[in-house]
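Single-structure report; data block below.
Heavy atoms only: backbone and side chains are in, while hydrogens, waters and symmetry mates are out.
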Amino acid sequence: MKSVAVLTSGGDAPGMNAAIRSVVRCGITKGWSMYGVTNGFAGLIVDNIRPIGTRDVGGILQKGGTILGSARSEEFFTEDGQRKAIRNLRRMGIDALVVIGGNGSQTGNYELHKLGFPVTGIPSTIDNDICGTEMAIGVDTAMNIALEAIDRLKVTASSHQRAFLIEVMGRNCGYIALMSGIAGGAEFIVIPEIEISPEEVAESLQLAYEHGKAHAIIVVAEGAKYNADALIAYFQKHEERWGFKIRATILGHVQRGGAPGAFDRILASRFGNGAVEAIAREEYGVLVGLNNGAVTTTPLEAIIGKTKTISTEMVELARLLD
Ligand code: F6P
């Protein structure tokens, strides 16, 4: 018999609700008492920890966002804040905590682990920048939203012989840009992991124009040195030279909202069960992940502070197909 709390932290990601539902229902199936924490680590500090039951998580599988709310708490990143959080968890009789969130959230989770509180992490961020898992919850849905935007922009671009710079999220990681760029047939993809110059982007535009293309699509990761703002400033200076007229669209948070797709609902459901099983084995301080098709656990110690590398196979593929 255990008492387990769950929270969502950092930027929301489609599928977080499916993960909450899975943790709560898998825990209840084991006969455990389950608790939901409101507004992430901030909620732990102000003691916002409440019992959560099977019916509370009914009808949320298909909803974007997080019913528990999320926040980025500065106080939690002080040792004082962390000790306050642990005191509140212990006062409520909580035996273990499940943290659903991205890199920053799992770093906070690791701090609680180092202070001796039993924790498990579930990777959830559209950025796909967490080590220890091939995919995080939310990535697939965000990628598909970016792809839909690319497809739509390609249509209007073709009608007007235009080039579009489409900026996607991802913080310092180029995963969404690279994958949605490949899926959307981009002429050029700009990611933070590979330094490029505006001249290289210009060259790809000119080539597309010379080959008689009616459009050119350039997908740009927000974290790249030359993001959409920097590139549009460069191109607008010499607009007559590129053949195409150039427009920029920044997708922003639209990629985070909306209903999770099937992949994210299933991944989140598997991760929720994986976290409950890890707690049942009393295997703490780990991140649940997807590796070679299986749900795995990796010690937080092995992944915190590490940078996930981008697939060279995918980078090569993008070059072959542009
Ligand atoms: O980490 C998820 C993410 O959406 C990043 O892609 C983006 O850079 C950042 O969060 C935006 O943060 P905020 O929601 O605080 O504006």
Side-chain angles (χ1 to χ4, degrees), residues 8-17 39-40 62-67 69-73 100-105 123-130 135-157 162-194 196 198 201 215-236 245-261 263-264 308 310 318:
T8 49
S9 166
D12 65 349
M16 272 183 161
N17 280 326
N39 296 336
Q62 67 276 26
K63 288 191 177 149
T66 159
I67 57 158
S70 190
R72 304 190 202 271
S73 162
I100 303 169
N103 254 329
S105 309
S124 178
T125 164
I126 65 164
D127 303 338
N128 211 21
D129 58 351
I130 309 186
M135 285 295 269
I137 296 167
V139 178
D140 184 70
T141 305
M143 222 161 47
N144 277 296
I145 295 168
L147 181 58
E148 192 189 332
I150 293 168
D151 287 347
R152 285 170 186 252
L153 290 168
K154 202 181 232 182
V155 171
T156 171
R162 279 177 176 164
F164 267 88
L165 296 162
I166 306 166
E167 185 178 292
V168 299
M169 274 188 166
R171 209 177 284 273
N172 299 314
C173 179
Y175 187 89
I176 299 180
L178 182 59
M179 303 306 264
S180 62
I182 290 173
E187 272 61 39
F188 202 90
I189 304 170
V190 184
I191 56 174
E193 291 85 349
I194 296 175
I196 54 99
V201 185
H215 63 261
I217 296 293
I218 296 149
V219 179
V220 186
E222 66 173 350
K225 178 175 171 198
Y226 291 101
N227 60 10
D229 280 346
L231 287 173
I232 200 86
Y234 171 85
F235 283 116
Q236 278 175 346
K245 289 249 181 259
I246 300 169
R247 296 285 186 275
T249 297
I250 297 176
L251 295 186
H253 292 78
V254 76
Q255 291 152 101
R256 279 201 345 219
F263 182 88
D264 279 322
K308 194 169 186 172
I310 202 94

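- Closest of all the heavy-atom pairs between Asp264 and Ala136 is OD1-O, 4.0 Å.
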Requested in this report: Could you please spell out the steps behind the side-chain contact (heavy atoms from CB on, under 4.5 Å) verdict for Cys173 and Glu193?
Outcome: CA-CA 7 Å; Cys173 179; Glu193 291 85 349; 4.0 Å; yes
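- The OG atom of Ser124 sits 11.5 Å away from the CE atom of Met135 when rounded to the nearest 0.5 Å.
- For the residue pair Ser9 and Ala71, the shortest heavy atom distance occurs at OG-O, 4.1 Å.
- Nearest heavy-atom pair, Val139 versus Tyr175, reported as atom, atom and distance to 0.1 Å: CG1-CE2, 3.5 Å.
- Of the candidates Asn17, Thr66, Asn39, Thr66 is the only one forming a side chain to side chain donor-acceptor pair (under 3.5 Å) with Thr8.
- The heavy-atom pair separating Asp129 from Thr125 by the smallest distance is OD1-CG2, 3.8 Å.
- Of all the heavy atoms in Ala221 and Gly174, the pair that sits closest is CB-CA, 4.2 Å.
- Contact detail for Gly64 and Pro260: the closest heavy-atom pair is N-CD, 4.0 Å.
- Distance CZ/Phe235 to CD1/Ile218: 5.5 Å, rounded to 0.5 Å.
- Looking at Lys154 and Phe164, their side chains never come closer than 4.5 Å, going by heavy atoms from C-beta outward.
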Do any side-chain atoms of residues 246-259 form donor-acceptor pairs under 3.5 angstrom with protein atoms, and if so which ones, sequence neighbours left out?
| residue | atom | partner | partner atom | Å |
| --- | --- | --- | --- | --- |
| Gln255 | OE1 | Met169 | N | 3.1 |
| Gln255 | NE2 | Gly252 | O | 2.6 |
| Arg256 | NE | Asp12 | O | 3.3 |
| Arg256 | NE | Asp12 | OD1 | 2.8 |
| Arg256 | NH2 | Asp12 | OD1 | 3.4 |

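- Shown here are the side-chain contact (heavy atoms from CB on, under 4.5 Å) partners of Asn172, two or more places apart in sequence or in another chain: there are none.
- A 4.5 Å side-chain heavy-atom check between Tyr226 and Val201 finds every atom pair outside the cut-off.
- Taking CD1 of Ile126 as the start and CG of Asp140 as the end, the distance is 12.5 Å to the nearest 0.5 Å.
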Show me the donor-acceptor pairs within less than 3.5 Å that the side chains of residues 178-191 make with the rest of the protein, sequence neighbours left out.
| residue | atom | partner | partner atom | Å |
| --- | --- | --- | --- | --- |
| Ser180 | OG | Ile176 | O | 2.6 |
| Glu187 | OE1 | Ile217 | N | 2.7 |
| Glu187 | OE2 | Lys213 | NZ | 2.7 |

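- In this structure, the separation between CG on Asn144 and CD1 on Ile150 is 10.5 Å, given to the nearest 0.5 Å.
- Between the CG atom in Leu231 and the CD atom in Glu167 there is a gap of 9.0 Å [rounded to 0.5 Å].
- The residue from Asn128, Asp127, Ile130 that alone fulfils the side-chain contact (heavy atoms from CB on, under 4.5 Å) condition with Lys308 is Asn128.
- Annotation: the span from Arg171 atom CZ to Asn103 atom CG amounts to 8.5 Å, rounded to 0.5 Å.
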